[in-house]
Every structure is written in structure tokens, then in C-alpha cells.
Amino acid sequence: MKARTALLLGSLSAALVAFALTSPRVIAADKVDPVADAKAFQNFFFQKFPNVKHEDFVNGPYSMNEDMKRQWQEKEEFPPYEFALDAGKEMFATPFKNGKTYADCFPNGGIGIRQNYPYFDTKEGKVVTLELALNRCREANGEAPYSYVKDEMASLTAYMAFTSRGKPMDIRIPDDPRALQAFENGKRYFYTRRGQMNFSCASCHVQSPGERIRAEILAPALGILNALPIYRSEWSGMGTTSRRFVTCNSQTRAVPLEPQADEYRDVEYFLSYVANGLPISGPGARP
Amino acid sequence: MKRSLPLAMLLALSFAPMARAATEADYKAAYAAAESASKEAADMRNQWTTTVSTLAAAKKAGDGGDFDRAVTAAREAEALAKASIFQATSEKEAWKTMEIR
């Protein structure tokens, strides 16, 4: 009887020890940890492409292919986004009907601040992107909002990105469970397969950067938003971050969400945060 | 082998009258089922472009009175919508397997 009791107690103790040892790992795996996620994300790309300079990842496909890089560097002497840049600069300085300007809506007059967007607005409890902030600025000053995908919005964000070139991405996640949830939602969106093609963002930009998809070379996910907005030859024009997400969805045969949907705002937050420390290179040019 | 061929042809012919043309009621039932599945996928924020276009093709054929084509397209749209629902459901957990850790 004593032996049976001892055996039972021994088994229980062993089970308790095993539970105690394994349970913290389960909790750790489910805990939202943006710092660890960003470190793992960056390390993945740094190890996968050891010959690419870290700051070069923001140049997308050009960081993956030497021939393309040389062509792009030559093209940068007369960059295709130059018209949008000039238009954006002029628009930015032109007062609204009430006499105020965009500079009145942003810290530091809107100059050199691109690296801080998107941010988490603790009052609203949601992510605010630069595009959203620009349209909110317009509406607060009695102006109609612009389309989120191209033209004026692309010009304005091109100018604001240009004034921030070289500054390291600096996205903050406040100590707020809603901010952590937004980051986690963005991460989930990034890795979730969708569309008839059954592709996630990661299928192309994590699993296959540097590979060709038809005539294009896929960009790495790391720093992919640092170059936005972009002039894209395929579009024959400029496009914003919203346009990039919408197009990616369509290409996988998924019906895109509305620009600035919560999911898009969250995935922008996630992708920008994991690129912290990498320089802003927008506006960019892509094939 | 030579005997079985005429026999098969005879059998096929004898069953042929059973394959009737689709009616408007068939189309409406197939379309309603497809539309319902499509709405469920849209509510899950996981609609496929091909579901939308195939459903539109079914409606166009139905409006034009081509119910055979309309029923075929509606059934295809329903299958696509159901596949997108399955995808959205399974991806609720499956996305984690792709995550960089």
C-alpha cells in the first residue's frame, strides 16, 4: 500500500514539475512581444541575405539584384517621382481656404516626421497613418479629403517622406493593451493567407524575396514601407501605401479592403515597427 | 469489347432524356445558395474576386434566360465562396506556422 502511495505521489510530483516547466513557454509564445518580434524579423533577413547592407533593405528589389540596382541608380538622376515631389511641396505650402496649412496639423510643421508614422493614438485607441492624418487635417480645415491611393495624397506623402530621408524609422508602441493588440492584428494580417491564390503577404515578401514572380523581383518585407510612396512603372504613376496593400490583395485574387481599413492600418503599424532603425528612403521608384 | 460499345451507347441514349434543361427555379435556388455563401465570406472579410465575378456571370446568364449556364456559374460561385470561408476559418490558427520567431 505504501509503495502504491509513494508511486502515486511520485507521479503527481513529476506531472507538476513537467507542467511548471512547460507552462511558462506556452505563455511566452502567446504573449505579444513587439521587441522580440522585431529582432527576430530583422535577424531573419540579415541572415538570409548576409551580403546586403542593413540600410539597403529599404531599396526593395534593388537590394536583391545588382543589375537592377545599377539601372535604378542611373534612373535616380532624373527620378520618375520628381513631378509628384514638386507638386507635393507646392501643395504642402499652399494655405487652405481658412488660411491655415498642413504644417499647422503636424509636429515640427510636418517636416522630417515621416519616420514617426504610423503611430498609435491612445485617445482614439487606433493606429493613425500619415495618409489618414493628412486627410483628417484637410477635413478639420474645411477641405474635402483626397483619394487615399494616388495623385494628391501620393504627392503630399512623397514630399513629407523626402524631408525625412535618411532618418531611421522610429515607431513607438505605447504601454496600452490596445496598441499591442493592433500590432498583433497587423502581424496576423501579414501572415494570413487570402485570395484564391492562397497567398499571404509573407508568401512573397518573406519566403521569396529576390525571386522572380513573372518579370518582377520580389522585395523583402523588411523596410518595404520605408520607400513609400512610390512611382511604379507598372502603374505609370505614383501610389501610396494604401495602393500597395490594395494591389497586393487584388493580385492574390482577394477582394481588397477599403483604404485605411483597420486591418491595413494595423499591418502598416506592424511592418513599420519591425523596420525600426532602417532609414526612410521614400519616395521610391519601382518597376 | 466490340459488343460493349453499342451497349454503352444504348445505355447513354436511354438516360439522355433524363438530363433536362435547367429552369428559372433551378437558377434562383442555385443563385440564392451562392449569394448566401458569398455574403458569409464577405462578412469574414475574406471575399475572393473570382467569387464576385462568377456570381455576376451567373446573374447575367440568368437575366438573359440562359439558365443552364446560370446554374453552372452559380454553383461554381458557391464552391468558390465556400473555399474562401474554409480558408478564413483554417487561417485563424494556421497563420502562426508562417510567423518568423
Side-chain angles (χ1 to χ4, degrees), chain A residues 25 28-33 36-48 184-209 220-222 246-247 249-258 261-264 266-267 270-271 274, chain B residues 27-28 30-63 68-101:
Chain A
R25 284 164 64 194
D30 289 341
K31 193 182 160 203
V32 182
D33 188 348
D37 283 349
K39 195 177 173 192
F41 201 88
Q42 295 197 358
N43 281 343
F44 173 84
F45 287 97
F46 294 161
Q47 284 166 18
K48 190 176 170 95
E184 186 71 4
N185 289 345
K187 183 168 78 176
R188 186 175 63 234
Y189 190 86
F190 178 76
Y191 289 111
T192 296
R193 292 178 182 273
R194 57 182 55 82
Q196 194 185 15
M197 307 297 279
N198 203 33
F199 271 30
S200 72
C201 307
S203 303
C204 287
H205 301 290
V206 171
Q207 292 182 339
S208 316
L222 179 60
V246 164
T247 313
N249 279 171
S250 302
Q251 285 171 330
T252 64
R253 296 185 187 165
V255 173
L257 307 173
E258 61 283 9
D262 287 348
E263 292 93 330
Y264 285 160
D266 291 346
V267 78
F270 166 73
L271 277 172
V274 296
Chain B
Y27 156 63
K28 283 187 173 170
Y31 189 85
E35 201 173 31
S36 167
S38 168
K39 190 181 176 309
E40 191 180 339
D43 289 345
M44 295 174 91
R45 316 266 288 163
N46 197 44
Q47 183 73 284
W48 291 358
T49 53
T50 37
T51 306
V52 177
S53 57
T54 312
L55 200 58
K59 186 162 189 342
K60 193 178 173 190
D63 289 348
D68 279 338
R69 189 181 291 246
V71 167
T72 305
R75 284 179 183 156
E76 190 185 333
E78 186 187 3
L80 288 166
K82 284 185 171 173
S84 68
I85 292 165
F86 174 82
Q87 181 188 53
T89 308
S90 60
E91 282 297 309
K92 280 180 186 169
E93 286 298 320
W95 70 269
K96 291 174 187 168
T97 59
M98 289 192 94
E99 186 187 352
I100 298 172
R101 289 176 188 268

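Naming: A, B, ... by sequence-line order, numbering from 1 per chain.
- Here the NZ-OG1 distance, from B:Lys92 to A:Thr192, works out to 11.0 Å after rounding to the nearest 0.5 Å.
- Rounding to the nearest 0.5 Å places NZ of A:Lys187 at 9.0 Å from NZ of B:Lys96.
- If you measure heavy-atom distances from A:Gln42 to chain B, you find no contacts under 4.5 Å at all.
- Interface residue A:Ser200: only side-chain heavy atoms are found under 4.5 Å from chain B.
- For A:Phe46, the CZ atom counts as densely surrounded, since its 6.0 Å shell holds more than 12 non-hydrogen atoms of other residues, nucleotides or ligands.
- B:Gln87 approaches A:Gly195 most closely through the heavy-atom pair NE2-O, 3.1 Å.
- The distance from the OG atom of B:Ser84 to the CZ atom of A:Arg253 is 14.0 Å, given to the nearest 0.5 Å.
- By the 4.5 Å heavy-atom criterion applied to side chains, B:Glu99 and A:Phe190 are not counted as neighbours.
- Of the listed residues (A:Arg188, A:Met197, A:Lys39), the one with the most heavy-atom contacts under 4.5 Å to chain B is A:Arg188.
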Q) Is there a side-chain contact (heavy atoms from CB on, under 4.5 Å) between A:Gln207 and B:Met98 once you walk through the steps? A) CA-CA 9 Å; A:Gln207 292 182 339; B:Met98 289 192 94; 3.3 Å; yes
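- Between chain B and the residues A:Ala40, A:Ala202, A:Ser250, the largest count of heavy-atom pairs under 4.5 Å involves A:Ala40.
- Checking side-chain atoms of A:Gln196 against main-chain N and O of B:Thr49 turns up no donor-acceptor pair under 3.5 Å.
- Neither the backbone nor the side chain of A:Tyr189 comes within less than 4.5 Å of any heavy atom of chain B.
- With hydrogens and angles ignored, the 3.5 Å screen pairs a side-chain donor or acceptor of B:Glu91 with a backbone N or O of A:Arg193.
- Residue A:Ser203 touches chain B through both its backbone and its side chain, counting heavy-atom pairs closer than 4.5 Å.
- The two residues B:Ile100 and A:Tyr191 have their closest heavy-atom pair at N-OH, 3.2 Å.
- For A:Asn198, the parts sitting under 4.5 Å from any heavy atom of chain B are the backbone and the side chain alike.
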